Amino acid sequence: MPELPEVETTRRGLAPHLEGSKVKKVTVRQPSLRWAVPSDLAEKLEGRVIQSIQRRGKYLLFKNTQGTLIGHLGMSGSMRICSGDSEIKKHDHVDIAMANGNILRFHDPRRFGFLLWTEDDPLQHKMLSKLGPEPLSDEFTGKLLHQLSRKRKVPIKNFIMDSCVVVGVGNIYASESLFSAGIRPTRSAGKVSLAAYEQLAEIIRIVLARSIDQGGTTLKDFVNSDGQPGYFAQQLNVYGRAGQACPQCQTEIKSKVIGQRNSFYCPACQK
DNA sequence: AGTGCGGCCTGTCCGC
DNA sequence: TGCGGACAGGCCGCAC
């Protein structure tokens, strides 16, 4: 599910309800996520204030004075703010109840998401230490993409989905960005010009920022912290539209599996 | 080192 | 109506 805009939407929604509040009780109903929920999570969180909620790539970082809860939504996860009397549904795996009455509820049917605890710098955690730049930061440039891609033979779509290159670009936004940049997703990353990468970097930035403004993309199950879907799906040009007309030239949009992921492109607009 | 693939899970949809 | 198979937004870890 969630790519960067969905995770950022979640972070923004959660922060005002949790930051500065004390955790009262942690309830783990299903500890078997992608990685097991730490058995001592409750004692690490209970009685301590959540000082801040940050995001790095698609990871959410909940900080208290002792350490950081690292959360990831996987493919189907969501985090909502619930009240004490709201019904517990199937796949509501973890609750973090706050002293202010709010409950942070982690829901994840496929259980590809996870919750980990670290007392070291979370950015040095094994899972985060090799991440590339944030796409909305100044470090992310076409020049960097060009540099990193020299001699790389992977299709450019795989390249921009590689979190060592840039974080947060998943399957949907990879297809969409390459469409807007006019680049065929199968092209070798190493053969794309600096000028094309400069344009692509700018487009990735714009596409992600616009999606965040719309509250992310809901294809199936993404909901924000209020349980509401995102609205960016209405603005997708090619993703999920195989067989339909390209919005720019009316040519039929094609789909093709690239790197085991379904990809969508216009054979006329994307060279 | 770079690349490609299997695997982790459940839910949904499609064809028979 | 039921059943098997394919597929779904991520990403680690392994083999080549």
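Below, chains carry the letters A, B, ... as their sequence lines are ordered, and counting in each starts from 1. What you are looking at is a predicted structure, and each value in this text was computed from that prediction instead of being measured.
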Taking a pair to mean Watson-Crick or G-U wobble geometry with both distances below 3.5 Å, C:dT1 pairs with none
For A:Asn262 and C:dA8, is the shortest distance between a side-chain N/O and OP1 or OP2 below 4.0 Å? yes
Any idea which of C:dA8, B:dC5, C:dC11 is nearest the A:Gln260 side chain? B:dC5
For B:dT3 and A:Lys153 - does any side-chain N or O of the residue sit under 4.0 Å from the phosphate oxygens OP1/OP2? no
Rounded to whole Å, how long is the line connecting atom CE of A:Met75 with atom C1' of C:dA6? 13 Å
Quick one about A:Gln214 and A:Gln235 (side-chain donor to acceptor, distance below 3.5 Å, no hydrogens or angles considered), yes or no? yes
Atom CD1 of A:Ile103 and atom OG of A:Ser86: how far apart are they, to the nearest 0.5 Å? 5.5 Å
Given B:dC9, B:dG4, C:dG13, the nucleotide with the shortest approach to the side chain of A:Arg110: B:dC9
Out of C:dC11, B:dT10, B:dG2, which nucleotide sits closest to the side chain of A:Arg152? B:dG2
Considering only heavy atoms from C-beta outward, does the side chain of A:Leu104 approach that of A:Leu14 to under 4.5 Å? yes
Does the side chain of A:Tyr173 pick up a donor-acceptor pair with the side chain of A:Thr217 at under 3.5 Å? yes
Report the residue (A:Arg34 or A:Pro109) whose heavy-atom-nearest nucleotide on DNA chain B is the more 5′ of the two. A:Arg34
Tell me whether the OP1 or OP2 atom of C:dG9 has a side-chain N or O from A:Tyr239 closer than 4.0 Å. yes
Give A:Asp108 one of three labels, base, sugar-phosphate or nothing, depending on what nucleic acid heavy atoms sit under 4.0 Å from its own. nothing
Please work out if A:Ser163 contacts a base, only the sugar-phosphate, or nothing of the nucleic acid, heavy-atom cut-off 4.0 Å. nothing
